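In what follows, a structure is listed as C-alpha cells, so that the remarks can point back to it.
Side-chain atoms are counted along with the backbone in the values below, which use heavy atoms only and exclude waters and symmetry mates. What you see is a predicted model, and the numbers here were worked out from it, not measured in a lab. In what follows, chains are A, B, ... by sequence order, proteins preceding strands, each numbered from 1.
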2 protein chains.
Amino acid sequence: MSLQQQPVKEQRRTRQRAAVDEVLEETEDFISAQDLHAVLRTRGMSVGLATVYRTLQTLADNGQVDVLHTSSGEAAYRRCARDEHHHHLVCRSCKATVEVAGPAVERWTKSVAKEHGYVDVAHTLEIFGLCPRCAAQQ
Amino acid sequence: MSLQQQPVKEQRRTRQRAAVDEVLEETEDFISAQDLHAVLRTRGMSVGLATVYRTLQTLADNGQVDVLHTSSGEAAYRRCARDEHHHHLVCRSCKATVEVAGPAVERWTKSVAKEHGYVDVAHTLEIFGLCPRCAAQQ
DNA sequence: CCTTGTTTTGACAATGGTTGTCAATCTTTA
DNA sequence: TAAAGATTGACAACCATTGTCAAAACAAGG
Ligand SMILES: [Zn+2]
Ligand SMILES: [Zn+2]
Ligand SMILES: [Zn+2]
Ligand SMILES: [Zn+2]
C-alpha cells in the first residue's frame with residue numbers, strides 16, 4: 001500500500017487527532033475505526049465516532065496509514081514501519097501482521113498492465129493465513 | 001480467485017437461477033448484485049433482490065464465479081473463462097477485465113508465508129488501471 | 001397426474017459500517 | 001482579544017447485505 005501519496009493537506013492539531021494518532025502508534029496490528037473508537041472510550045479519551053472515521057480517512061488519503069479491507073467488508077488501519085510501497089501478511093485470526101516487500105511482484109503487475117495497454121495502474125495484494133501462534137493453539 | 005472450490009452443492013433448477021446465470025453468461029465485465037438485479041428488472045425477468053444475492057453467493061462459494069471487492073466496498077461478480085486460479089486486470093472506469101495468470105506471484109506468496117511460519121494461506125491480488133479505450137477518450 | 005416432503009422465493013424488516021448534517025466549539029492568525 | 005475558518009459530535013441518513021417466514025415452486029413417487 002501507500003502508493004502515490006498526495007501532498008499532506010495541512011491540518012490543525014487537535015486533542016482528538018492526537019488521541020487517534022496515539023492509539024495507532026501503539027497498536028501493532030490492523031484495527032478498525034469502530035475498534036479504535038472503543039479503545040478510546042475505555043481510556044476515557046472520548047472522541048466522536050464520526051471524528052475517528054474522518055481522521056483515519058485523512059491519514060489514509062495522506063498515505064500515513066495503510067488500509068486493509070477485511071473479507072467482512074470493513075476497513076482496518078495500521079501505521080506501518082516502512083514508508084515505501086509494501087504489502088501485508090496478515091493472520092486471519094489475530095490480525096498479526098508482517099510487512100513484506102515484493103519487487104518482483106511490482107515489476108510483474110507493471111508489465112502485465114503495459115502488455116494490455118492499461119495505464120495509470122495500481123494494485124492491491126494481501127496475503128492471509130494463520131500465524132505460527134494461532135496455528136499452534138489450534 | 002477460485003481457490004479451493006468446495007464440491008458443488010446440489011441445487012434445484014429454477015427460473016430465477018437460470019435468469020441470473022443468463023445475465024452472467026452474457027456480461028463480460030464484473031457486475032454487482034444490485035446492477036444485475038436492475039438488468040433483470042429492465043428485461044422483465046423479475047427476480048427478488050434477496051434471491052439475486054443468494055444465487056451469486058452460492059455461485060461464488062462453488063467457485064463458479066469470481067468475486068471482486070471494489071474500493072467502494074461492494075462486491076462484483078464475473079463468470080470467468082479460465083477455471084484455474086488467476087487474477088484480474090480491471091479498468092477503473094468501464095470495468096473491462098483481462099484475466100491474468102501469475103505463477104511467479106503464486107510461488108512468491110507461498111514462500112513469503114512459509115518464511116514467516118504462516119499456514120493455510122490465501123491471497124487477494126487485483127490490478128486496476130485505465131483500459132486503452134478509456135485512456136484514449138480522456 | 002396428484003401427493004408429499006423439501007427447497008426456494010420474495011417482500012419486508014433489520015443489521016452494520018460508513019457518511020452527511022449543522023450548530024456549537026476550538027485553532028489559528030492578526 | 002477578535003474575527004475567520006476548521007473541526008467536532010450527536011444524530012440522522014445511507015446503502016449494501018443479510019435475516020425472516022409464510023407462500024410458491026420443485027422433485028420424486030405413487
Ligand atoms: Zn503497511
Ligand atoms: Zn494469529
Ligand atoms: Zn476471474
Ligand atoms: Zn475502460
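- Computed from coordinates, the B/D61 CG to D/dT17 C1' distance equals 14 Å when rounded to whole Å.
- Here A/Y53 and A/H37 keep their ring centres 6.0 angstrom or further from each other.
- Note: CE (B/M45) to C1' (C/dT9) measures 16 Å, nearest angstrom.
- We find that CZ of B/R17 is positioned 15 Å from P of D/dA25, with the value rounded to whole Å.
- Distance A/R13 CZ to D/dT7 C1': 13 Å, rounded to the nearest Å.
- Of all nucleotides listed (C/dT19, D/dG9, C/dT8), C/dT19 comes nearest to the side chain of A/Y53.
- Follow the hydrophobic side-chain contacts under 4.5 Å out from A/V112 and you never reach B/L130; the two are in separate clusters.
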- Apply side chain to side chain contact (heavy atoms under 4.5 Å, CB included) to the pair A/R78 and A/E28, showing each step before the final yes or no. CA-CA 8 Å; A/R78 180 178 196 264; A/E28 187 63 27; 3.5 Å; yes
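- Put simply, CZ on A/R41 is 12 Å from C1' on D/dG9, counting in whole angstrom units.
- Relative to the side chain of B/Q16, the nucleotides D/dT17, C/dG10, D/dC26 differ in distance, and C/dG10 lies closest.
- Between the CG atom of A/L49 and the C1' atom of C/dT21 there is a distance of 15 Å, rounded to whole Å.
- Residue B/A50 places its side chain closer to D/dG19 than to any other of D/dG19, D/dA25, C/dG20.
- Rounded to whole Å, atom P of C/dT19 lies 10 Å from atom CG of A/L56.
- At whole-Å resolution of the value, NE2 in A/H37 and C1' in C/dT19 are 15 Å apart.
- Nearer the 5' end of DNA chain D, as judged by each residue's closest nucleotide, is the contact made by A/V47, out of A/V47 and B/S32.
- Using a 4.0 Å heavy-atom criterion, one finds that A/T14 contacts the sugar-phosphate atoms exclusively.
- The aromatic ring centres of A/H123 and A/H85 sit less than 6.0 Å apart.
- For C/dG10, the base has a donor-acceptor partner in the side chain of B/R54 [N/O atoms by modelled type, under 3.5 angstrom].
- The side chain of A/R15 approaches D/dG9 more closely than any other nucleotide in the set C/dG10, D/dG9, C/dT18.
- The side chain of A/Q57 sits closest to C/dT19 out of C/dT19, D/dT17, D/dG9.
- Distances from the side chain of A/Q34 to the nucleotides D/dG9, D/dT17, C/dT18 place C/dT18 closest.
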- Could you give me the CA-CA distance, side-chain angles and deciding distance for B/D66 and B/H86, then say whether side chain to side chain contact (heavy atoms under 4.5 Å, CB included) is met? CA-CA 10 Å; B/D66 281 358; B/H86 61 270; 2.9 Å; yes
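- Counting only heavy atoms from C-beta on, A/R12 has its side chain closest to D/dA6 among C/dT9, D/dG9, D/dA6.
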